[in-house]
Amino acid sequence: MTAPSASPPDGFRVVPGRLDRATQEALRDAIRAVVAAAPLYRPTMPRTGKPFSVRMTNCGSLGWVSDQAGYRYQPSHPVTGAPWPPIPPVLLELWQELADYPAPPEACLVNFYEPDARMGLHQDLDEAEFGAPVLSVSLGDTCLFRIGGAKRGDPTRSLRLASGDVVLLGGASRLAFHGVDRIYPSTSTLLSQGGRINLTLRRVSKVIGAIPDPAIVG
DNA sequence: AAGTAACG
DNA sequence: CGCA
């Protein structure tokens, strides 16, 4: 008998091929402009200072950063000190269509994965607002994404995410452990230098009047 | 702490 | 490879 496969928590949604090629190219170019204003840098882990394999930047009024002091959101680039550039309008429209939340995202984390980059299993816990989903857009090479439950030991499921796929971590899945186990090199022609870009839109602050999601504890 | 190392 |  094969073991039963783990079901991700309720509220996990994959929208395969949501962005067509032309939209992916436009988004790629918009992210190029973001990176020109806010260069990719390599964050480090709290306490240990060990570098991530992924390089990061952000757009939006707040950006997620990590350094020896900890994880946090802040309004400016940790290397240049400049404010983060604005979130490209196409992403704001995507949020409006899919997020089912009455306010725009404040943060768009841009993660760039070279072929050997990984992201360990983790939860997104640095936001005050868990009632809004995390909306993720994949561009470039396909990855092996893994999602579990709200506890680290919960069973996990792996799925491939390709360029143009959109994933939503909403409801109970908002607090699910997730990560990226591998990148499949040369599986997309979108990025000339190869690799994968992941864009994650997040609401950081609570909004007065937002309806609490019963699926979220708290 | 979103990290790696080590080990069975 | 999965787990600690």
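Here is how names work: the chains are called A, B, and so on, in the same order as the sequence lines, proteins then strands, and each is numbered from 1.
Salt-bridge check for A:R146 with A:D181: passed, with a basic side-chain N closer than 4.0 Å to an acidic carboxylate O. A salt bridge links A:D67 to A:R72: at least one charged side-chain nitrogen sits closer than 4.0 Å to a carboxylate oxygen. A salt bridge links A:E127 with A:R202: the distance from a Lys NZ or Arg NE/NH1/NH2 to an Asp or Glu carboxylate oxygen falls below 4.0 Å.
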request  = Begin with the C-alpha distance, continue with both residues' side-chain angles, and end with the deciding distance and a verdict on side chain to side chain donor-acceptor pair (under 3.5 Å) for A:R21 and A:T189.
outcome  = CA-CA 10 Å; A:R21 175 71 185 207; A:T189 57; 3.1 Å; yes

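The closest donor-acceptor contact from the side chain of A:E106 to the backbone of A:S205 lies under 3.5 Å. Put simply, the side chain of A:D141 gets close to the backbone of A:T187: a donor and an acceptor are under 3.5 Å apart.
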Any N/O pairs under 3.5 Å between the protein and nucleotides 1-4 of chain B? List them or say none.
from: B:dA1; atom 1: OP1; to: A:R47; atom 2: NH2; distance (Å): 3.1
from: B:dA1; atom 1: OP2; to: A:R47; atom 2: NH2; distance (Å): 2.7
from: B:dA1; atom 1: O3'; to: A:Y71; atom 2: OH; distance (Å): 2.8
from: B:dA1; atom 1: N7; to: A:R47; atom 2: NH1; distance (Å): 3.1
from: B:dA2; atom 1: OP1; to: A:R152; atom 2: NH2; distance (Å): 3.2
from: B:dA2; atom 1: O4'; to: A:H122; atom 2: ND1; distance (Å): 3.4
from: B:dA2; atom 1: N6; to: A:W64; atom 2: NE1; distance (Å): 3.0
from: B:dA2; atom 1: N6; to: A:D126; atom 2: OD2; distance (Å): 3.4
from: B:dA2; atom 1: N3; to: A:H122; atom 2: NE2; distance (Å): 3.3
from: B:dG3; atom 1: OP1; to: A:G120; atom 2: N; distance (Å): 3.2
from: B:dG3; atom 1: OP2; to: A:G120; atom 2: N; distance (Å): 2.3

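Applying the Watson-Crick and G-U wobble criteria (two distances, each under 3.5 Å), B:dA2 pairs with nothing in any strand.
Helical stems of DNA chain C (runs of at least 3 Watson-Crick or G-U pairs, donor-acceptor distances under 3.5 Å) are absent.
Two residues are said to be in side-chain contact when any heavy atoms from C-beta on lie closer than 4.5 Å; A:H178 and A:H122 meet this criterion.
The aromatic rings of A:F145 and A:F12 sit parallel, their planes meeting at an angle under 30°, below the 60° perpendicular limit.
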